[in-house]
Q: 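One structure, as structure tokens, below. Some questions next.
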Amino acid sequence: MFSRLLSVARRQRTGRGWQNWSSGRSGAPAAEAHSVALPAQAQVVICGGGIMGTSVAYHLSKMGWKDIVLLEQGRLAAGSTRFCAGILSTARHLTIEQKMADYSNKLYQQLEQETGIQTGVQIYDRTSVLHVMVKKGQVTGVETDKGQIECQYFVNCAGQWAYELGLSNEEPVSIPLHACEHFYLLTRPLETPLQSNTPTVVDADGRIYIRNWQGGILSGGFEKNPKPIFTEGKNQLEIQNLQEDWDHFEPLLSSLLRRMPELETLEIMKLVNCPETFTPDMRCIMGESPAVQGYYVLVGMNSAGLSFAGGAGRYLAEWMVHGYPSESIWELDLKRFGALQSSRTFLRHRVMEVMPLLYDLKVPRWDFQTGRQLRTSPLYDRLDAQGARWMEKHGFERPKYFVPPDKDLLALEQSKTFYKPDWFDIVESEVKCCKEAVCVIDMSSFTKFEITSTGDQALEILQYLFSNDLDVPVGHIVHTGMLNEGGGYENDCSIARLSKRSFFMISPTDQQVHCWAWLKKHMPEDSNLLLEDVTWKYTALNLIGPRAVDVLSELSYAPMTPDHFPSLFCKEMSVGYANGIRVMSMTHTGEPGFMLYIPIEYALHVYNEVMSVGQKYGIRNAGYYALRSLRIEKFFAFWGQDLNTLTTPLECGRESRVKLDKGMDFIGRDALLQQKQNGVYKRLTMFILDDHDTDLDLWPWWGEPIYRNGQYAGKTTSSAYSYTLERHVCLGFVHNFSEDTGEEQVVTADFINRGEYEIDIAGHRFQAKAKLYPVTSLFTHKRRKDDVELSDLHGK
Amino acid sequence: MSSTLPFWILNSARNSIATLQGGRRLYSRCASNRNKSRWRLFSQGPGALKSSAPCSGFALQKAYRHTSTEEDDFHLQLSPEQVNEVLRAGESAHKILDLVSGAPNSVLRFESNQLAANSPVEDRRGVASCLQTSGLMFGIFDGHGGHACAQAVSERLFYYVAVSLMSQQTLERMEGAMESMKPLMPILQWLKHPGDSIYKDVTSVHLDHLRVYWQELLDLHMEMGLNIKEALMYSFQRLDSDISLEVQAPLEDEMTRNLSLQVAFSGATACMAHVDGVHLHVANAGDCRAILGVQEDNGMWSCLPLTRDHNAWNQAELSRLKREHPESEDRTVIVDNRLLGVLMPCRAFGDVQLKWSKELQRSVLERGFDTEALNIYQFTPPHYHTPPYLTAEPEVTYHRLRPQDKFLVLASDGLWDVLDNEDVVRLVVEHLAEASRHKPDLAQRPANLGLMQSLLQQRRAQGLRAADQNAATRLIRHAIGSNEYGEMEPERLTAMLTLPEDLARMYRDDITVTVVYFNSDSIDAYYKGG
């Protein structure tokens, strides 16, 4: 397959594929070294002649780009690709990964026929990229050991060396990944050699895979105690020492022989050690660097390079050619990471946890245990002492819930479940307190930007970048999307107008890099316009509940009732002794209450005051799980989970948050107008499960199929148990697939309302009521018109 | 970064990471408590601190990061992997690859390790090859009363030796380069452990003094330079004298002046080996020790000591001291097995308190040093009548290497206090045997999966997997983990490694070990070649 990719790319002789790896070399068959000098310029330079680099080259050339140079430091198809075990698994965890693997599978079959197409890809092996040249935040060329090449686009497909290559620029590109040694065994053929149609076996409990290889077997695995390597970068000593480590392989060998005792007599041929690259969240990394335009990345395959190469190469090529890929790939976007995940120590520790996870049961709401406590709120220790249990988002520790002193939870291992989790009662009492009294949640992790200008530039540019009208009176808060040309959400945020010329923007935690890059890319180079990341400057406390108003008025000597302090309003005021606290009348849940943005040096003071004054109102700490339950039961969609770059405001009933009728241009307007005219093809809908037994049935988490009148209609995107409704609530998109052709058709409110729905949880279908608007009885407080579907910024 | 740790325990991941970093801090944290066992002050009782002490039953130090999701009453207990990490932190090993003038080197490789008890550690080690002459040098330097003197000796001694061995012609070239301000030819190539204290390249003052030394050598007009024995003798004494003079000379720079004072008023014993072909010279001053592991033709192993400890148990040393001092002092030179009742070794670098006259000490210290801040011991022992009592003059042993000489062990007294020579040879031999068994030999590899599995499981059961790759580590492991019957006790090992740093020194000393393996084939070739 690999050689096919190559042969298409360069019309080299059709070498032997990896299937015939027996010669020990045929994995690197195709290209002969160019002895001629490198070209002085090219449109695209791709670094890395593994399967990723060649896939990108293949797809770019298929899309019509002709001027492509592919550089490989060693021989073509060396590295992990050469030693790849050759397993293409199309059972993946994320929808997007599934799509990539399916496409790869089809592509590889197609490549069997497709050879000898003339393309414009030139391949140079034994050429190392030293660094990428950047001018004014834009790629201008690459410096190699054989000279320079000017180029507009650079693609880093350097596999396990991508991290180092990224850092070698003057403007470093953080690509968080780390290699671990990976072993597999090759044997001589069985007495009756295995047939080529022998299925590949994965024994996840035994942590091994087994496949036919030349009539014998190839078997490797992902052990519990990985050996990270190359922490200090490329190290000749370690490369030379990449030897077989039989002692390390023993548990995997034993599990192989436990599963297939007959193999005992098989003759050993070789134990191969080929390092694999892993990422901090077990997802691959692709996309454009937030810091350097024209610098693209496709790496970090977590041992699934072969499965992903085709699809990933295609999406990246689309991205480069069209400016965006045809699918939402946020989960794989380089910009989900920042420099903060690029510590070598962090990566080394984290990948030791990630690699075994490949064959572990992946339960919902799993939190990584390594690389923690990096970013914390000033209240961390206080909350921790009060029983907080933590989850991590973008390096930031956030409380999940608070374990009361008398309550014991299960040990970490035993708490893994797809059923009702052990924190159920704890979260229930937190939710109840939010409904009846008041709770405080530390939500400091949100991304917070300030945009100011000397004149009206800030308003002007924001009006163009954001879909809702931001020309509101000072002190008002607007929920708005930041849309792309297609009308899809690049970000969903809340913006408070602090003054005529200054705005305070609150986005989800993991938007820190993406949103910054988007704003920077679209903002004019205007020295009068100042964009500042103030995330670290504020501690954010969310006071949720009917008594929040009492706590706050007692602490500020100011009336806080809705008449004085209407909903979605922002004001700087004093709380306790501390002045200049930004108080906002919103809670991201639809419950009454306030967000307090506190300069960090006042955080402890304000927290202490709130807790001591709040005592008589029954205040307690709460965590994100309570928040999540509250927001989902009120149909608050969350960017990154329910919303992505391919969902528009019209598809989730947020037309009221778009200034379509104001005659103002903004990014995505044309697409939305068109959609308004044509109708939407999917619609975010809330489902309330009817016959689901919370105690005994498997819980919905996300990704469950939705059936309408017995027909598949889409998948859920998130779900939570509503303690108020005493039912599970799922959010998900409903499509209207034509029964005959499978084609997508317009979805109307009527279409939604007239259906009978079921949600399929692990093969069992549960009846569900579909709703396009939240259950109104849940709202108890006075609110403004568009408050019905407040934006929500958090939760998992 | 060397502090990252290849282990992973899911359930206590956060703890374990913190723990090990805590563990490593046993070495590196600078604390003000001082080791007084080598130097004994008079306020202290005579009880020997090294007496065997119970090692279990300690409330182990809590050294983990505060975390929430696990029980807070988790007690520090090092896992075997963590024990290994702590023990191996100081490892270094080199294969000697360079072929000296076409002939294979008689040194095959060396393995070294260091485990601290003092904080900071007072032992130093050094390995370097002479670039202008031939030969490899290995040194162990055991400091006392601070690490300043050991540090200085480890940085400077090899330069003195290397210069002493240079031919007249080479010295002239060196002098010529200095005069014309041209870059000096490199004298030494260091083979360092990354964790070893940075060897400052010869600072200008030190270089000046080194230059004075080679100028004097030039004046001797010896065509071929000194012979090795002389070179070692002179180098030791010359360096000690320079250390002593540097602090007496007026120095402008306060930093250098304070450092010189710390060097002169602390001490260090030194043991070094110079190997050139089959010629092995060992120079020793103090109670570090060097022994040879010898395998006779019948396969039996024996030990050949190459040094004699210079302490109160050495009759020759006692006689020497009596000879050098008036009869009236016969009963006071050694008190409680210590020189003047103070110092265990009777030869050492530095320690000018036992070398200078009272007047000289007073006049130097009266120059306004802040002795408190510099941690200088300022005292005069009783019966201090006829200094110097202490010398850095080494005893030099020559040994012509034979094919049956397999390895050389150099170690500080921290090792020899608990293991005798035979134990050490036995442990290194065991290590060699295991290492050869450990090597995955393709030719002898079991042919099929079943046999391979049973072999691997056997190895695991025997704990061979965890076997040390480094003989020095194995020696240290046994030195601190063996009970009085010489058996390994894992609990004892763990307890010894988790001792709080202020207690560690009471139960063990800094231990530094270097094991040098000889290449019998090339030694054989020397003999056959003539």
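Naming convention: chains lettered A, B, ... in sequence-line order (proteins, then strands); numbering from 1 in each chain.
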Q: Compare every heavy atom of A:Asp247 with every heavy atom of B:Leu456, then report the nearest pair and how far apart it is.
A: CD2-OD1, 3.5 Å
Q: Need one label for A:Leu256: side chain, backbone, both or neither, based on atoms under 4.5 Å from any heavy atom in chain B.
A: side chain
Q: Is it the backbone or the side chain of A:Leu383 that comes under 4.5 Å from a heavy atom of chain B, or both, or neither?
A: neither
Q: For B:Met452 and A:Ile268, work out which heavy atoms get closest and say how close.
A: CB-CD1, 3.7 Å
Q: Compare every heavy atom of B:Gln453 with every heavy atom of A:Leu257, then report the nearest pair and how far apart it is.
A: CD1-OE1, 3.1 Å
Q: Looking at CG of B:Asn448 and CZ of A:Arg188, how far apart are the two atoms once the value is rounded to the nearest 0.5 Å?
A: 13.0 Å
Q: Taking atom CZ of B:Arg426 as the centre, report whether more than 12 heavy atoms of other residues, nucleotides or ligands fall under 6.0 Å from it.
A: yes
Q: For the CG atom of B:Leu449 and the CD atom of A:Glu267, what is their distance to the nearest 0.5 Å?
A: 9.5 Å
